[in-house]
Amino acid sequence: MDRLVWQVRRRALGPLVRLDGYGVTVGAGPATPWSDLSEVRRGKDGVVVLVPRPGIELPAVPHVMPFGRPARRRAAYVRRYGSPLVLMPQVLDATGPRMVAAVRRLGGIPVATS
């Protein structure tokens, strides 16, 4: 039952991340152009990490839990992955390889495997 509630909450948020020809849009926020990204990393745990160029601040993907702490999650992602913009295939509707392929095709960003 908890899984069903989680899915309903996630769907109610609308698209969490959108990749298109311009760049990356997180939630209802402004789009980040591809030129603001230096590379994309594919983590051993299957996550896809979008790494900003120096001086660029990226958003974190919204969490579906109602009592989540965005600042704490953001700091943890930066410590662990080097960026707050971490795409987790288990939370999104696309696989890691599919997301990496979209980044290559749409943004021409170098992809590294960590």
Query raised in the report: Hey, mind stepping through Tyr22 and Thr32 against side-chain contact (heavy atoms from CB on, under 4.5 Å) and telling me if it holds?
Result: CA-CA 8 Å; Tyr22 178 76; Thr32 300; over 6 Å; no

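Under the rule for a side chain to side chain contact (heavy atoms under 4.5 Å, CB included), the partners of Ser35 that lie at least two apart in sequence or sit in another chain are Pro33. For Pro84, the side chain to side chain contact (heavy atoms under 4.5 Å, CB included) test picks out Leu58, Ala60, Arg74, Val78, with sequence neighbours left out. Here Arg53 pairs with Ser38, Ile56 under the side chain to side chain contact (heavy atoms under 4.5 Å, CB included) rule; sequence neighbours left out. Scanning for salt bridge (charged side-chain N to carboxylate O under 4.0 Å, His left out) contacts around Arg18 gives Asp20, with sequence neighbours left out. Scored by the side chain to side chain contact (heavy atoms under 4.5 Å, CB included) test, Ala101 finds no partners at all (sequence neighbours excluded).
Here CD of Glu39 is found 10.0 Å from CD1 of Ile109. Values are rounded to the nearest 0.5 Å.
Contact annotation: the side chain of Val103 approaches that of Leu50 to within less than 4.5 Å [non-hydrogen atoms, C-beta and beyond]. Val51 places none of its side-chain heavy atoms less than 4.5 Å from the side chain of Tyr81. No side-chain heavy atom of Arg80 sits under 4.5 Å from any side-chain heavy atom of Val47.
Taking every heavy atom of both residues into account, Leu106 and Gly21 meet most closely at CD2-N, 4.0 Å. The shortest heavy-atom contact between Ala94 and Met99 is O-CE, 3.7 Å. Between Arg42 and Pro97, the shortest heavy-atom distance links the atoms NH2-CD, 3.4 Å.
Panel note: side chain Arg98, backbone Pro89; no donor-acceptor pair is recorded below 3.5 Å.
Pairs of residues two or more places apart, or lying in two chains, never qualify as salt bridge (charged side-chain N to carboxylate O under 4.0 Å, His left out) while including a residue from residues 26-38.
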